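Computed from a prediction, not measured in an experiment: that's the story for all the values here. By convention here, the first residue in the shown sequence is residue 1.
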Amino acid sequence: MKRTKVIDALKRTDFGSEITVMGWVRSKRGSKGIFFIALNDGSTIKNVQIVGEDQHFDEETVKLITTGACLKVVGTLVESPASGQASEIQAKEIEVLGECDNTYPLQKKGASWEYLRTVAHMRPRTNTFGAILRIRHNMAMAIHTYFHEHGFYYFHTPLITASDCEGAGNMFQVTTKNLYDLKKDDEGKIDYSDDFFGEQVALTVSGQLEGELGATALGQIYTFGPTFRAENSNTPRHLAEFWMIEPEMAFYDKQDLMDLEEDFIKYCVRWALDNCRDDLEFLNKMVDKTLIERLEGVLKEDFVRLPYTEGIEILQEAIKNGKKFEFPCQWGDDLASEHERYLVEEHFKKPVIMTDYPKEIKAFYMKLNEDGKTMQGTDVLFPQIGEIIGGSVREESYDKLMAEIDRRGMETEKLQWYLDTRRWGSCPHAGFGLGFERLILFVTGMQNIRDVIPFPRTPKNCMF
Ligand code: ATP
Ligand code: MN
């Protein structure tokens, strides 16, 4: 089917030429025997205006041009007398490819986010979700381009795994067994020997452990794939299925790591400003009036680099001065998102890379500092979002890593392959995990993570 995409039609200036466009009716209005259709085909946030005279079309066809209907329009490209658009199309033929009656769930403008989640299969056709999804695509391209240009290899880590990276136990099990009739041993424990993999396996919560195998062979790698966490946290920043980007680099120390985190995020934000202008301007107008300003702000600022211990001091000082938090924040506590946001939005008013966390609140693989109490974590905290990146230098000493694993009472049996990186040719290395949807939240100004992925998976919801 020969057609001009709307994004290209709007750039054309060969007025008088014939043009064919196809798309969905956003709106139709008419007066004095003339009708105007705003047609959108998803190639851009902008619509192309179709102008037709009632007398040239049969009444039945004109009646079928309703909001949501899909049309093929053949017409003449003309200079537009209307302001805000250079060209429009004078329709000669209109074919209704797909009719759309008044049960269409996106008839009315201004539907709530909650309502749109119940029709997530249709919401990509709205202006806002079109903008978000185009930006999402662009961010994926930015990420691949950044790493490719910086000599990182795209490394594919498995989604089904027998190891629990974060040791948090919030994994989705994978089995082909009949759950109503499980084989059990004498002690009543499930016998996995006749299950598909012959052992208990689950969907991965992170590709990091395998990513480290890649980095200690290829030098620097990144993963970019779905991860799964059965955490029953109904927050606007957690999904049960989300996409994570995990670069892992040999011969990186904490300084190198923080520099990469900052440079990488800025690159992605700059990419959005350079390549998603129309969509950002739409979101800036409709969703968040300070969006573009905030994105540009991030590019100008040096991120604050703040040891956890100093962060706690600032929070304690704030409490002394009357600031109220819901959760405690003594030294040793994991910071809640309200604490992170206080530091970023109120105290520093710029992104913060928080470092050197107490070892008790972080994962076993992080490199221990000389003080024996803190670990070389480097999380990036962002305005509106809180934690956007979780990163760390990895413990490269076999003995220290084993000591930490023992101290935590973890099983080493299933981690042998991981420990082999430290057994043979161990090297200093570091890496981080960026939650893709958290990045999209920041770049779009949206408030809820359910609204920046096409089909969100959250507790009690696996629709579409
Ligand atoms: P949080 O404290 O916000 O739950 P985390 O400490 O569990 O985050 P990590 O295990 O360090 O996060 O994962 C790396 C990154 O993945 C986080 O910085 C965040 O951007 C993202 N992330 C983690 N959990 C989720 C989730 N359930 N949904 C979406 N993104 C997530
Ligand atoms: Mn978490």
Side-chain angles (χ1 to χ4, degrees), residues 1-112 115-116 118-134 277-279 281-283 285-287:
M1 284 201 233
K2 180 183 147 288
R3 67 150 174 147
T4 302
K5 285 191 201 144
V6 169
I7 191 170
D8 299 322
L10 294 173
K11 287 184 205 143
R12 274 172 61 169
T13 51
D14 53 332
F15 303 121
S17 310
E18 188 179 277
I19 185 168
T20 302
V21 292
M22 297 177 206
W24 295 270
V25 176
R26 281 288 201 263
S27 64
K28 180 183 158 220
R29 60 193 171 83
S31 71
K32 298 188 195 116
I34 300 182
F35 58 82
F36 302 89
I37 305 164
L39 198 72
N40 188 285
D41 67 357
S43 61
T44 159
I45 186 82
K46 293 183 177 150
N47 306 319
V48 64
Q49 173 153 281
I50 313 290
V51 187
E53 288 175 45
D54 286 332
Q55 57 175 11
H56 293 323
F57 301 89
D58 64 69
E59 223 173 295
E60 282 312 299
T61 306
V62 177
K63 265 196 206 146
L64 290 176
I65 304 173
T66 53
T67 299
C70 186
L71 308 183
K72 172 181 179 182
V73 179
V74 182
T76 311
L77 188 71
V78 297
E79 207 159 351
S80 175
S83 70
Q85 58 187 32
S87 58
E88 59 186 36
I89 295 171
Q90 209 96 52
K92 289 191 289 198
E93 292 162 37
I94 296 181
E95 187 187 334
V96 179
L97 301 174
E99 297 174 20
C100 188
D101 67 21
N102 63 13
T103 58
Y104 181 52
L106 303 175
Q107 309 264 12
K108 288 194 211 83
K109 292 214 153 94
S112 70
Y115 170 72
L116 289 170
T118 68
V119 289
H121 58 313
M122 286 287 130
R123 68 180 183 174
R125 290 197 201 170
T126 63
N127 286 330
T128 307
F129 283 90
I132 292 166
L133 294 175
R134 278 185 296 272
R277 203 71 210 189
D278 291 346
D279 288 323
E281 275 168 13
F282 175 82
L283 294 171
K285 199 164 88 196
M286 306 301 288
V287 172

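Using a 4.5 Å heavy-atom threshold, the side chains of Thr20 and Thr4 count as separate. Residues Ile65 and Ile50 are not in side-chain contact: their nearest non-hydrogen atoms beyond the backbone lie 4.5 Å or more apart. With contacts defined as side-chain heavy-atom distances shorter than 4.5 Å, the pair Glu88/Pro81 qualifies. At least one side-chain heavy atom of Leu106 sits under 4.5 Å from a side-chain heavy atom of Leu116. Looking at Asn47 and Val6, their side chains never come closer than 4.5 Å, going by heavy atoms from C-beta outward. The closest side-chain heavy-atom distance from Ile94 to Phe35 is below 4.5 Å. Between Tyr115 and Lys108 there is no side-chain heavy-atom pair separated by less than 4.5 Å. Taking the side chain as every heavy atom from C-beta outward, His121 and Val119 approach each other to under 4.5 Å.
Between Lys285 and Glu281, none of the side-chain N atoms (NZ, or NE/NH1/NH2) sits under 4.0 Å from a carboxylate O, so this pair counts as no salt bridge. Under a 4.0 Å N-O distance rule, the pair Arg3/Asp41 qualifies as a salt bridge.
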task = Begin with the C-alpha distance, continue with both residues' side-chain angles, and end with the deciding distance and a verdict on side chain to side chain contact (heavy atoms under 4.5 Å, CB included) for Val25 and Leu39.
result = CA-CA 5 Å; Val25 176; Leu39 198 72; 4.2 Å; yes
task = Carefully, step by step, assess Lys32 and Ile34 under the rule side chain to side chain contact (heavy atoms under 4.5 Å, CB included).
result = CA-CA 6 Å; Lys32 298 188 195 116; Ile34 300 182; 5.7 Å; no
task = Any chance you could lay out the side chain to side chain contact (heavy atoms under 4.5 Å, CB included) test for Thr128 and Phe282, step after step, and finish with the verdict?
result = CA-CA 8 Å; Thr128 307; Phe282 175 82; 3.6 Å; yes
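Taking CD of Glu53 as the start and NZ of Lys92 as the end, the distance is 13.5 Å to the nearest 0.5 Å. The CD atom of Glu95 lies 12.0 Å from the CG atom of Leu64; values are rounded to the nearest 0.5 Å. Annotation: the span from Thr44 atom OG1 to Lys5 atom NZ amounts to 11.5 Å, rounded to 0.5 Å. Atom OG1 of Thr76 sits about 10.0 Å away from atom CD1 of Ile19, to the nearest 0.5 Å. If you take CD1 on Ile89 and CG on Leu10, they are separated by 8.0 Å, rounding to the nearest 0.5 Å. In this structure, Ser31 OG and Asp54 CG are separated by 9.5 Å, a value rounded to the nearest 0.5 Å.
Minimum heavy-atom separation, Arg26 to Asn127: NE-OD1, 3.0 Å. Nearest heavy-atom pair across Phe129 and Pro124 is CB-CA, 3.9 Å. The two residues Ile37 and Lys28 come nearest to each other via the heavy atoms CG1-CG, 4.2 Å. The two residues Gly52 and Ala91 come nearest to each other via the heavy atoms CA-CB, 4.5 Å. The shortest heavy-atom contact between Ala9 and Ser87 is O-OG, 3.6 Å. When all heavy atoms of Ile45 and Ala131 are compared, the pair lying nearest together is CD1-CB, 4.1 Å.
A donor-acceptor contact shorter than 3.5 Å links the side chain of Gln107 to the backbone of Asn102. Proximity of a side-chain donor or acceptor of Thr66 to a complementary backbone N or O of Cys100 within less than 3.5 Å is detected. Here the side chain of Ser43 pairs a donor or acceptor atom with the backbone of Ile7 at under 3.5 angstrom. Formation of a donor-acceptor pair under 3.5 Å by the Asp279 side chain with backbone atoms of Leu283 is not found in this model.
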